[in-house]
Amino acid sequence: MLKLAEVEEPVPAENEVRVRLYCAGVNPAETYIRAGGYAFFNPELPYIPGFDGSGVVDEIGPGVTRLKTGDRVFVASALAKRKTGTYAEKVVCDVTAVHKLPESLSFEQGAALGIPVTAAYRSLFHRAHLKPGETVLIHGASGGVGILAIQLAKYVGAQVIGTAGTEENMELVRKYGADAVLNHNQADYLKAIPSITNGGGVDVIIEMLANVNLEDDLQLINKFGRLVVVGNRGSLDFNPRLIMAKEVDIFGMAVWNAPLDEYNESLIAVEAALINGGLQPFVGTIIPLEEAAKAHTQIVSSKSNGKMVLKIAKN
């Protein structure tokens with residue numbers, strides 16, 4: 001049960017930062033944690049949910065030199081040793097989980113980073129090892145991870161094909177940089193790919209719904225291609241010879257499994273992309289903090305574009 005309550009203000013220790021939050025990001029994982037038994041994170045109750053957020057550095061602990069009070073920042077604390085929760089007015093976490101947010105981006109956009117952007121980065125670069133000049137297909141590209149993956153892939157010089165299910169969502173995918181957009185609700189939509197790539201095919205696939213698309217992906221992908229499963233909602237029966245024939249590598253991806261050095265690397269790269277204009281987070285629904293329970297119901301019961309954000313304070 002989610003309940004709004006007053007708690008003691010957290011104090012940063014060595015190499016920790018306290019951030020006064022303006023917005024917090026909402027992720028499906030937070031609903032699984034609240035339900036209990038989530039494999040990757042099982043906190044003692046009561047606890048404050050939330051890993052992602054944005055705001056202004058309020059206080060720094062001993063040893064912190066990279067940030068100062070007053071800095072605009074985004075918080076991505078999923079793998080931080082200490083994280084007091086971002087569904088709050090203030091959060092304390094490791095300084096490595098806090099990075100600068102350019103003035104050109106809103107606090108709502110800053111809260112749309114965190115888990116989605118580290119998932120996108122890890123999928124593309126730590127798992128698929130995407131290279132400049134390669135072609136990547138992003139299934140379900142209008143979601144929070146997909147929109148960011150499009151931009152990161154384009155930023156390093158890849159060709160991007162995105163899929164979406166409505167004209168509105170297709171336009172969104174196009175707006176955020178995809179070279180081509182396909183409607184995955186149309187029959188035989190993947191047959192357009194050879195003409196899009198001039199026969200070059202697809203080197204990498206980022207898959208948000210593996211139980212539906214995996215077999216088609218394996219038939220489509222190039223020899224020695226890499227397929228990363230980010231999302232899945234069921235089981236399927238397929239012929240493993242499809243993997244053998246092309247020597248395709250299939251990778252699973254969960255942000256929680258990232259080695260800490262790779263996770264921190266992804267946040268440094270994301271900060272650079274933000275500063276250099278290579279990344280524009282897309283915010284979907286904005287809900288007041290006091291209606292966090294409504295946000296949890298909505299995020300698991302309906303398909304939404306972009307990142308759902310809780311509004312904590314005016315800025």
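What you are looking at is a predicted structure, and each value in this text was computed from that prediction instead of being measured.
When Thr118, Leu148, Val117 are each tested for a side-chain contact (heavy atoms from CB on, under 4.5 Å) with Val270, only one passes: Val117.
The local environment of CD in Glu89 is sparse, with at most 12 non-hydrogen atoms from other residues, nucleotides or ligands closer than 6.0 Å.
Because its NZ or CZ atom is not both nearer than 6.0 Å to the ring centre of Tyr263 and within 45° of the ring axis, Arg122 does not count as a cation-pi partner of that residue.
Of the possible donor and acceptor atoms, none in the side chain of Thr84 sits under 3.5 Å from a partner among the backbone N and O of Val91. Although no hydrogens or angles enter the test, the distance criterion places no donor-acceptor pair under 3.5 Å between the side chain of Thr31 and the main chain of Asn27. For the pair Asn222 (side chain) and Gly200 (backbone), a donor-acceptor distance under 3.5 Å is present. Without hydrogens or angle criteria, Asn276 side chain to Ala272 main chain gives a donor-acceptor distance under 3.5 Å. Ser77 contributes no side-chain N or O that, together with a main-chain N or O of Ala80, makes up a donor-acceptor pair within less than 3.5 Å. A donor-acceptor pair under 3.5 Å is formed between the side chain of Asn185 and the backbone N or O of Gly165. The backbone N or O of Val160 sits nowhere less than 3.5 Å from a side-chain atom of Lys154 that would complete a donor-acceptor pair. A distance-only check finds no donor-acceptor pair linking the side chain of Asn264 to the backbone of Asp261 [under 3.5 Å]. A donor-acceptor pair is defined here as one N or O able to donate and one able to accept, closer than 3.5 Å; such a pair exists between the side chain of Arg226 and the backbone of His129. In terms of modelled atom types and a separation under 3.5 Å, the side chain of Gln151 and the main chain of Gln280 share a donor-acceptor contact.
When the side chains of ILVMFWY residues are joined at heavy-atom separations under 4.5 Å, either directly or via intervening members, Leu267 and Ile275 end up in two distinct hydrophobic clusters. In the hydrophobic cluster analysis, where Ile, Leu, Val, Met, Phe, Trp and Tyr join through side-chain heavy atoms closer than 4.5 angstrom, Met170 is grouped together with Val136. In terms of hydrophobic clustering, with Ile, Leu, Val, Met, Phe, Trp and Tyr side chains grouped at heavy-atom distances under 4.5 Å, Leu4 and Ile287 are assigned to a common cluster. Phe224 and Val228 fall into different hydrophobic clusters, defined by Ile, Leu, Val, Met, Phe, Trp and Tyr side-chain heavy atoms under 4.5 Å apart, directly or through other members. Under a hydrophobic clustering in which Ile, Leu, Val, Met, Phe, Trp and Tyr are joined whenever their side-chain heavy atoms come within less than 4.5 Å, directly or via other members, Val309 and Leu172 fall into different clusters.
When all heavy atoms of Gly201 and Thr135 are compared, the pair lying nearest together is O-CB, 3.6 Å. The heavy-atom pair separating Asp52 from Thr86 by the smallest distance is O-OG1, 2.9 Å. Listed here is the closest heavy atom pair of Gln109 and Ser104: OE1-O, 4.3 Å. Across all their heavy atoms, Lys68 and Val57 have their closest contact at O-CB, 3.4 Å. Counting all heavy atoms, side chain and backbone alike, Met208 lies closest to Gly140 at CG-O, 4.0 Å.
Every residue two or more places apart in sequence or in another chain that forms a side chain to side chain contact (heavy atoms under 4.5 Å, CB included) with Pro288 is listed here: Glu290, Glu291. Scanning for ring pair (Phe, Tyr, Trp, His ring centres under 6.0 Å) contacts around Phe251 gives an empty result, with sequence neighbours left out. Taking His126 as the reference, Tyr121 meet the ring pair (Phe, Tyr, Trp, His ring centres under 6.0 Å) condition, with sequence neighbours excluded. With sequence neighbours excluded, no residue forms a salt bridge (charged side-chain N to carboxylate O under 4.0 Å, His left out) with Glu271.
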Intermediate values then yes/no, side-chain contact (heavy atoms from CB on, under 4.5 Å), Asn183 and Thr163: CA-CA 6 Å; Asn183 187 335; Thr163 81; over 6 Å; no
Evaluate the ring pair (Phe, Tyr, Trp, His ring centres under 6.0 Å) criterion for residues Tyr32 and Phe41: first the C-alpha distance (whole Å), next the side-chain angles of each, then the deciding distance (0.1 Å), finally the verdict. CA-CA 9 Å; Tyr32 311 149; Phe41 187 64; over 10 Å; no
Carefully, step by step, assess Glu16 and Lys81 under the rule side-chain contact (heavy atoms from CB on, under 4.5 Å). CA-CA 10 Å; Glu16 294 177 350; Lys81 292 179 181 177; over 6 Å; no
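Between Phe107 and Tyr22, the ring planes are tilted. Angles from 30° to 60° get that label. Between Phe40 and Trp256, the two ring planes are parallel [angle under 30°; tilted spans 30° to 60°].
The hydrophobic cluster containing Val212 also includes Leu209, under a criterion of side-chain heavy atoms closer than 4.5 Å among ILVMFWY residues, counted directly or through chains of members. Taking Ile, Leu, Val, Met, Phe, Trp and Tyr as members and joining any whose side-chain heavy atoms lie under 4.5 Å apart, directly or through other members, the hydrophobic cluster of Leu182 also contains Leu137, Ile161, Tyr189, Leu190, Ile193, Ile196, Val202, Ile205, Leu214, Leu218, Leu220, Ile221, Leu227, Val229, Leu236, Phe238, Leu242, Ile243, Val248, Ile250.
For Tyr87 and His296, the ring centers are positioned less than 6.0 Å apart.
Side-chain contact, His184 with Asn213: no donor N or O sits under 3.5 Å from an acceptor N or O.
A salt bridge is absent between Asp203 and Lys131; no separation between the charged side-chain nitrogens and carboxylate oxygens falls under 4.0 Å. Ion pairing between Asp94 and Lys83 fails under the 4.0 Å rule for side-chain N and carboxylate O. Using a cut-off of 4.0 Å between Lys/Arg side-chain N and Asp/Glu carboxylate O, Glu108 and Lys311 are scored as salt-bridged. Using a 4.0 Å cut-off between charged side-chain N and carboxylate O, Glu9 and Arg18 make a salt bridge.
With contacts defined as side-chain heavy-atom distances shorter than 4.5 Å, the pair Pro281/Leu105 qualifies.
How far CD1 of Ile60 is from CZ of Arg66: 11.0 Å, rounded to the nearest 0.5 Å. Taking NE2 of His139 as the reference point, atom CD1 of Ile206 lies at 10.5 Å (rounded to 0.5 Å).
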